[in-house]
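As the structure is a computational prediction, the values presented were derived from the model and not from experiment. Heavy-atom basis, side chains included; hydrogens, waters and symmetry copies ignored. Throughout, a chain's letter reflects where its sequence line sits, starting with A, and its residues are numbered from 1.
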Amino acid sequence: MPPPRKSQPLFFTRKVKEIIKKIPRGKVATYGQIAAYAGNPRAARQVAWILNSSSRKDKLPWHRVINRSGKISLKPNHGYEIQKMLLKKEGVEFDKSDVIDFERYLWT
DNA sequence: AACCTGACTTCGG
DNA sequence: TCCGAAGCCAGGT
């Protein structure tokens, strides 16, 4: 007989992880965008939580996720510089205000 | 077991 | 046009 399955609600989390893994190298996505793809346009917050919670163990490209303003949401000395470095490493450019150009780098 | 919080986004006044 | 509040899911206290 089949083993008991984990609770259903993890659907979103799983979906979000799948999507994040699909973000190609050198591209970025926003929290809201990912949430929308996962089925809940307003679940952007959970996306952030998932990254903070499972980015390490699931090897997610967390650095490719930024906020709607095209900027990094992490605070300086709390990952901001690391994320910026990782993106630059992939060829993503930042303007004078540290904003990423969606026209060029947003993953659709 | 209930309440709080979080790397955000959107809607209403 | 700007500011305040709600919304969403899961994990931690």
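- For A:L51, taking side-chain heavy atoms from C-beta onward, the closest of the listed nucleotides C:dC8, C:dA10, B:dA7 is B:dA7.
- The separation of C:dA5 from B:dT5, taken at their P atoms, amounts to 15 Å, rounded to a whole angstrom.
- Going from the C1' atom of C:dC3 to that of B:dA7 covers 23 Å, rounded to whole Å.
- With distances taken from any side-chain atom of A:R68 to the nucleotides B:dA7, B:dT9, C:dC8, the minimum falls on B:dT9.
- Following rounding to the nearest Å, A:I72 (CD1) and B:dC8 (C1') show an atom-to-atom distance of 15 Å.
- Listed nucleotides C:dA10, C:dC8, B:dA7 differ in distance to A:Q46; the shortest reach to its side chain belongs to C:dC8.
- Side-chain heavy atoms closer than 4.5 Å link hydrophobic residues (I, L, V, M, F, W, Y) into clusters, and following such links, possibly through other members, connects A:M85 to A:L51.
- As rounded to whole Å, 18 Å separates atom P of B:dA7 from atom CG of A:L87.
- Ranking B:dT9, C:dA10, C:dG7 by closeness to the A:W49 side chain, first place goes to C:dA10.
- Distance CD (A:Q83) to C1' (B:dC8): 14 Å, rounded to an integer number of Å.
- Atom CG in A:N52 sits roughly 19 Å away from atom P in C:dC9 (whole-Å rounding).
- Between the P atom of C:dC9 and the CZ atom of A:R14 lies a distance of 15 Å, rounded to the nearest Å.
- For B:dA7, the OP1/OP2 oxygens have no side-chain nitrogen or oxygen of A:N67 closer than 4.0 Å.
- For the pair A:Y37 OH and B:dT9 P, the interatomic distance rounds to 15 Å; values are reported in whole Å.
- What separates CG of A:L86 from C1' of B:dA7 is a distance of 14 Å, to the nearest Å.
- When each of A:S69 and A:R45 is assigned the nucleotide of DNA chain B with its nearest heavy atom, A:R45 is the one assigned upstream, toward the 5' end.
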